[in-house]
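Here's the structure, in structure tokens; my notes come after.
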Amino acid sequence: MARHQTHRGPAPQDQRLFAAQQLPALRAAAADLCWLLDRGYAARSAVELVGNRHSLTSRQRNAVSRYACADEDVQRRCRLRVEPVELSGHELWLDGYNVLTILESALAGGIVLLCRDGCCRDIAGIHRRYRKVTETLPVLRLIGEAASAWGVSCCRWWLDKPVSNSGRLKSAILAAAADAGWKMEVELTFSPDHVLSHTDEIIATSDGIVLDRCQCWVNLARLLIAGRIPQARLLDLSTAGS
């Protein structure tokens with residue numbers, strides 16, 4: 001029988017893979033990976049080297065990979081980051097699935113990584129198909145309320161057109177916005193990453209590739225988790241988090 005997902009919560013193996021006794025190895029692996037990236041090693045080969053050295057599973061490697069980045073990436077992303085006070089009167093362009101799934105995971109008790117560049121990231125991803133979950137509408141409310149409080153003129157969502165159910169999600173976003181009186185627009189495109197990487201508008205994403213190409217961004221997911229989701233299960237793989 002097919003399993004219908006109703007929450008964006010933790011995977012069954014996460015309690016074991018990210019238990020307290022696993023954290024020393026994960027943090028050591030994260031430190032090793034950052035060291036290699038700081039010295040110009042290619043990300044894929046560096047992750048394989050570190051994962052093999054610390055005997056990490058594929059899911060643990062994924063977590064360490066999403067946590068890590070080079071120090072120069074951290075510095076560049078910090079320079080381009082804006083604060084909510086700077087959003088007043090401006091549009092906010094959202095990397096739709098990126099922002100949505102992170103916040104859904106945070107609300108559902110899934111693992112959310114507190115990464116080296118200050119972003120929050122989840123582990124799973126959606127793999128070409130999106131399914132609305134119990135947390136979807138509460139996340140839309142969190143975003144709408146925050147954008148309204150910050151004086152955002154319009155939230156423009158960018159969704160991957162090839163992802164199944166993008167049309168349904170667009171309808172859900174527009175319906176929630178209409179009910180609450182928020183100004184939101186939704187665009188379906190084959191490459192949100194390309195759009196967000198080249199716009200002059202302020203964007204919201206935690207996608208490292210986009211962050212390295214964009215003009216300016218706001219750390220929306222982390223701000224909302226810190227301010228509105230105190231129960232979020234944050235995993236800090238820095239040595240300072242030990």
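Any value given below was found using the heavy atoms of this structure, including those in side chains, with hydrogens, waters and symmetry copies removed.
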Side-chain heavy-atom pair [X], [Y] within 4.5 angstrom cut-off:
{"X": "Leu223", "Y": "Pro84", "value": "yes"}
{"X": "Thr189", "Y": "Asp160", "value": "no"}
{"X": "Val210", "Y": "Ile203", "value": "yes"}
{"X": "Val50", "Y": "Trp35", "value": "no"}
{"X": "Phe190", "Y": "Pro162", "value": "yes"}
{"X": "Leu113", "Y": "Asp122", "value": "no"}
{"X": "Ile143", "Y": "Trp157", "value": "yes"}
{"X": "Cys214", "Y": "Leu196", "value": "no"}

Going from [atom1] on [X] to [atom2] on [Y], what distance comes out if it is rounded to the nearest 0.5 angstrom?
{"X": "Asn165", "Y": "Leu159", "atom1": "CG", "atom2": "CG", "value": "11.5 Å"}
{"X": "Glu187", "Y": "Lys161", "atom1": "CD", "atom2": "NZ", "value": "11.0 Å"}
{"X": "Asp207", "Y": "Tyr97", "atom1": "CG", "atom2": "OH", "value": "15.0 Å"}
{"X": "Ser171", "Y": "Lys132", "atom1": "OG", "atom2": "NZ", "value": "10.0 Å"}
{"X": "Arg222", "Y": "Asp117", "atom1": "CZ", "atom2": "CG", "value": "9.5 Å"}
{"X": "Asp212", "Y": "Glu72", "atom1": "CG", "atom2": "CD", "value": "8.5 Å"}

Starting from the C-alpha separation in whole Å, work towards a yes-or-no answer on salt bridge (charged side-chain N to carboxylate O under 4.0 Å, His left out) for Arg59 and Asp14. CA-CA 9 Å; Arg59 192 163 175 84; Asp14 282 353; 2.6 Å; yes

Chi angles and distances behind the side-chain hydrogen bond (donor to acceptor under 3.5 Å, both in side chains) call for Glu104, Thr136: CA-CA 6 Å; Glu104 286 174 343; Thr136 303; 2.7 Å; yes

Near [X] [atom1], under 6.0 Å, is it more than 12 heavy atoms from other residues, nucleotides or ligands?
{"X": "Ile209", "atom1": "CD1", "value": "no"}
{"X": "Gln15", "atom1": "CD", "value": "no"}
{"X": "Arg44", "atom1": "CZ", "value": "no"}

Show the nearest heavy-atom pair for residues [X] and [Y], with the distance to one decimal.
{"X": "Ala63", "Y": "Phe18", "answer": "CB-CE2, 3.8 Å"}
{"X": "Pro10", "Y": "Gly109", "answer": "CD-O, 3.5 Å"}
{"X": "Leu26", "Y": "Leu237", "answer": "CB-CD2, 3.9 Å"}
{"X": "Leu142", "Y": "Leu224", "answer": "O-CD2, 4.1 Å"}
{"X": "Cys115", "Y": "Arg121", "answer": "CB-NH1, 3.2 Å"}
{"X": "Ala29", "Y": "Leu56", "answer": "CB-CD1, 3.8 Å"}

Take Ile202 and Trp93 through the test side chain to side chain contact (heavy atoms under 4.5 Å, CB included) and record every step on the way to the result. CA-CA 6 Å; Ile202 301 170; Trp93 288 22; over 6 Å; no

So does [X] pair up with [Y], basic N to acidic O under 4.0 Å?
{"X": "Glu48", "Y": "Arg61", "value": "no"}
{"X": "Arg156", "Y": "Glu91", "value": "yes"}
{"X": "Asp73", "Y": "Arg116", "value": "no"}

Between Val186 and Leu174, is the side chain to side chain contact (heavy atoms under 4.5 Å, CB included) condition met? List the steps. CA-CA 7 Å; Val186 184; Leu174 293 177; 3.9 Å; yes

Give the cluster check for [X] versus [Y]: same hydrophobic cluster or not, with ILVMFWY residues linked at side-chain heavy-atom distances below 4.5 Å.
{"X": "Trp158", "Y": "Val163", "result": "no"}
{"X": "Ile173", "Y": "Val195", "result": "no"}
{"X": "Leu140", "Y": "Leu188", "result": "yes"}
{"X": "Leu114", "Y": "Val64", "result": "no"}
{"X": "Val152", "Y": "Leu103", "result": "yes"}

Return yes if a side-chain donor-acceptor contact under 3.5 Å exists between His7 and Glu135, otherwise no.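 Their side chains do contain a donor-acceptor pair, which is all the 3.5 Å distance test asks for.
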
Please say which of Val218, Leu94, Ile102, Leu211 ends up in a side chain to side chain contact (heavy atoms under 4.5 Å, CB included) with Thr205.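 Only one option passes, and that is Leu211.
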
Would Ser197 and Arg213 count as a side-chain hydrogen bond (donor to acceptor under 3.5 Å, both in side chains) here? Give the steps. CA-CA 5 Å; Ser197 296; Arg213 297 173 179 171; 4.7 Å; no

Distance-only, no hydrogens or angles: does the [X] side chain make a donor-acceptor pair with backbone N or O of [Y] under 3.5 Å?
{"X": "Asp71", "Y": "Asp38", "result": "no"}
{"X": "Gln22", "Y": "Ala19", "result": "no"}
{"X": "Arg141", "Y": "Ala176", "result": "no"}

From CA spacing to verdict: side chain to side chain contact (heavy atoms under 4.5 Å, CB included), Trp182, Cys154: CA-CA 8 Å; Trp182 302 318; Cys154 176; over 6 Å; no

Can you list the steps and then say if Asn98 with Ser206 is a side-chain hydrogen bond (donor to acceptor under 3.5 Å, both in side chains)? CA-CA 7 Å; Asn98 177 275; Ser206 65; 3.2 Å; yes

Trace of the side chain to side chain contact (heavy atoms under 4.5 Å, CB included) decision for Cys69 with Arg77: CA-CA 11 Å; Cys69 62; Arg77 294 170 192 178; 3.9 Å; yes

Test side-chain hydrogen bond (donor to acceptor under 3.5 Å, both in side chains) on Asp193 and Ser191; report intermediate values, then the result. CA-CA 5 Å; Asp193 288 2; Ser191 182; 5.8 Å; no

